[in-house]
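On a predicted model such as this, the values are computed, not experimentally measured, just so you know.
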Amino acid sequence: MDAADFARACGYTGDSPALLEAFEAIRRNGIAQARQDHFRRKAVIEELKQSEPLFLGAIGPALSAQEAIEDTARFIACWRNMPRWRQERRLPDLVRARQQRLIARFFRRYGHRLWALEAA
C-alpha cells in the first residue's frame, strides 16, 4: 500500500504532496509502533507463562481470568463515563486495565493447556 492508497483509506481525497507525505510518515510510524507494542506484550506473556502463581499475581485481586476480564470491562466502561479532566488523571489506570484485560484473555484461552503441559 502506497501513501496515496493509505490516504484514501483514511478518507483523504486530495492530492497534496505534503499531506500524502504526512500520511506516509503516519503509516510508517504506526506500523513500527504496532510492532514494538506487540513485542512488548509478547514479552509480558512469555514471563507469565512460566507459572500460574505469576499470572494470578499479575491480575491483582481477581481470583481468575474471567473475574479479571469482568473487572477491567467494568473499569473501562466507568472510565468512558468520567468527565474529561478525570479521564486524563486516570489514564495510567486505563493503560494498566487494558493490559490486564489482554493478559487475562490470553490465559483464559490458553492457560490451562500451557500449565498442563508444563506439569506433565
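The side-chain hydrogen bond (donor to acceptor under 3.5 Å, both in side chains) check on Arg108 picks up Gln66, with sequence neighbours excluded.
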Report the C-alpha distance between Phe106 and Leu114 in whole Å, list the side-chain angles of each, state the deciding distance to 0.1 Å, and finish with yes or no for side chain to side chain contact (heavy atoms under 4.5 Å, CB included).
CA-CA 11 Å; Phe106 177 84; Leu114 289 170; 4.0 Å; yes
Worked check of side chain to side chain contact (heavy atoms under 4.5 Å, CB included) between Gln87 and Trp79
CA-CA 6 Å; Gln87 283 181 351; Trp79 186 86; 3.6 Å; yes
Can you list the steps and then say if Arg98 with Leu102 is a side chain to side chain contact (heavy atoms under 4.5 Å, CB included)?
CA-CA 6 Å; Arg98 285 183 174 165; Leu102 182 113; over 6 Å; no
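Between Ala68 and Ala104, the shortest heavy-atom contact is CB-CB, 3.9 Å. When all heavy atoms of Met82 and Arg90 are compared, the closest pair comes out as CE-NH1, 3.7 Å.
Between Arg8 and Asp5, no side-chain nitrogen of the basic residue sits less than 4.0 Å from a carboxylate oxygen of the acidic one, so the salt-bridge criterion is not met.
Around the CD atom of Glu21, the shell of radius 6.0 Å holds no more than 12 heavy atoms that belong to other residues, nucleotides or ligands. The environment of Asp15 atom CG is sparse: at most 12 non-hydrogen atoms of other residues, nucleotides or ligands sit within 6.0 angstrom. Dense packing is recorded around CZ of Arg40, with more than 12 heavy atoms of other residues, nucleotides or ligands lying under 6.0 Å away.
A donor atom on one side chain and an acceptor atom on the other are not found under 3.5 Å apart for Asn29 and Gln33.
Using a distance-only test at 3.5 Å, with no hydrogens or angles considered, a donor-acceptor pair links the side chain of Gln100 to the main chain of Ile59.
If you chain together hydrophobic residues whose side chains sit under 4.5 Å apart, Tyr110 and Leu56 fall into the same group. There is no path of hydrophobic side-chain contacts, each under 4.5 Å, that joins Ile103 to Ile76. Cluster membership check: Phe75 does not share its hydrophobic cluster with Ile69, using side-chain heavy-atom separations under 4.5 Å among Ile, Leu, Val, Met, Phe, Trp and Tyr.
Under the side-chain contact (heavy atoms from CB on, under 4.5 Å) rule, Thr72 has a single partner from Gln99, Arg96, Arg101, Glu67, which is Arg101.
Applying the salt bridge (charged side-chain N to carboxylate O under 4.0 Å, His left out) test to every pair with at least one member in residues 41-53, sequence neighbours left out, gives these pairs: Glu46-Lys49. Pairs engaging residues 17-38 under the ring-ring contact (aromatic ring centres under 6.0 Å, His included) rule: Tyr12-Phe23 [sequence neighbours left out].
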